[in-house]
Amino acid sequence: MYHLVVFASGNGSTLQAIIDSIHRHELEAQIDLVVSDNPNAYALTRAKDNQIETYTIQNKNFESRDIELSQVLSNYSIDLIVLAGYLKMIGPNLLEKYTIINTHPSLLPKYGGKGMHGMHVHEAVVTAQEKYSGATIHFVNQEYDKGNIISQTKVEVLPSDTAETLSQKVQSAEKIQLIKVLNQLIHHEI
Ligand code: GAR
């Protein structure tokens, strides 16, 4: 079995998409742990509702967070860590031990970097009147949104789109793309 740990800071609809795909047997994997830096993240409720273990990391310091997480994760056998709307930087201890991927709601390198997450991205894309946006799945390295790109999906931005409608379009494309990438990783096609 392929063992996943999912990190999420907010709503957790991406986590839910992974859980649903596993339940539908579209992914031969299991989620052993959900980690959040936000004790109020709805992602934690989704995990508990699905009998998945959770860990909330409240340490604000980058180095100590890295050490604490690496101690917690050492109790698990992990094939892949998925950042699914996780907003904190990943430290060197985790980067050195694990394969980590992130999903980002823009066509990187556009609209990436510190502070560019969730609705902030869609607002910036709509304000700039871009013709296209999309989602990027990439390996995680020591810089925000700079790791090697695995795959991108484009969506059209219509003049009538708001950040809200764009977010819905990008998020549905993003979830399909993520499940596809996870399947490719599971089957060693990447
Ligand atoms: C997703 O669209 C993900 O790409 C984005 O946050 C959303 C999480 O939604 N991640 C980033 O912006 C990271 N820079 P969710 O909490 O409903 O899964």
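This one's a predicted model, so the numbers in the text were calculated from it and none came from an experiment. Both ligands and their constituent atoms are indexed starting at 1 by order of listing.
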Practice task
Decide yes or no for Ile176 and Thr153: does some side-chain heavy atom of the first lie under 4.5 Å from some side-chain heavy atom of the second?
Solution key: no
Handout entry: Sub-3.5 Å N/O-N/O distance, Ser13 and ligand 1
Key = yes
Exercise for the section: Could you tell me the separation between the CZ atom of Arg46 and the OG1 atom of Thr14, rounded to the nearest 0.5 Å? Expected result: 8.5 Å
Completion exercise
Looking only at protein heavy atoms, what sits closest to atom 9 (O) of ligand 1 is Gln171 NE2, 3.6 Å
Exercise for the section: Identify the protein heavy atom lying closest to atom 14 (N) of ligand 1, giving its residue, its atom name and the separation to 0.1 Å. Expected result: His104 ND1, 3.1 Å
Fill in the blank from the handout: Rounded to the nearest 0.5 angstrom, the CD-CD1 distance for Gln51 and Ile19 is 10.0 Å
Fill in the blank from the handout: Per-atom filter on ligand 1: closer than 4.0 angstrom to a heavy atom of Met116 are 14 (N)
Exercise for the section: Please indicate whether any nitrogen or oxygen in His117 is less than 3.5 Å from any nitrogen or oxygen in ligand 1. Expected result: no
Problem - atom 6 (O) of ligand 1 - nearest protein heavy atom and its distance - result: Gly85 CA, 3.7 Å
Fill in the blank from the handout: of all protein heavy atoms, closest to atom 18 (O) of ligand 1 is Thr14 OG1, 2.5 Å
Practice task
Give the atoms of ligand 1, by number and element, whose distance to some non-hydrogen atom of Thr103 is under 4.0 Å.
Solution key: 3 (C), 4 (O), 10 (N)
Exercise for the section: Could you check atom 12 (O) of ligand 1 against the protein and tell me its nearest heavy-atom contact, residue, atom and distance included? Expected result: Gly118 N, 2.9 Å
Problem - Between Lys175 and Gln171, a side-chain donor and acceptor under 3.5 Å - result: yes
Handout entry: Value rounded to 0.5 Å, distance of CD in Gln30 from CD in Glu28
Key = 12.0 Å
Fill in the blank from the handout: The closest protein heavy-atom partner of atom 11 (C) of ligand 1 is Pro105 CD, 3.6 Å
Problem - Non-neighbouring partners of Glu26 that pass side-chain contact (heavy atoms from CB on, under 4.5 Å), sequence neighbours left out - result: Ser21, Arg24
Exercise for the section: Looking only at protein heavy atoms, identify the closest one to atom 16 (O) of ligand 1 and say how far it is in Å. Expected result: Gly12 N, 2.8 Å
Problem - Lys154 NZ/CZ over Tyr132 ring centroid, <6.0 Å and within 45° of normal - result: yes
Problem - Partner set under side-chain hydrogen bond (donor to acceptor under 3.5 Å, both in side chains) for Ser70, not counting sequence neighbours - result: Lys97
Handout entry: For Asn11, atoms of ligand 1 separated by under 4.0 Å from a heavy atom
Key = 16 (O), 17 (O)
Practice task
Grab the two heavy atoms, one from Leu178 and one from Ile137, that are nearest each other, plus how far apart they are.
Solution key: CA-CD1, 3.3 Å
Completion exercise
Nearest non-hydrogen protein atom to atom 2 (O) of ligand 1, with distance, is Glu174 OE1, 2.8 Å
Problem - Heteroatom proximity flag, Val121 to ligand 1, N/O under 3.5 Å - result: no
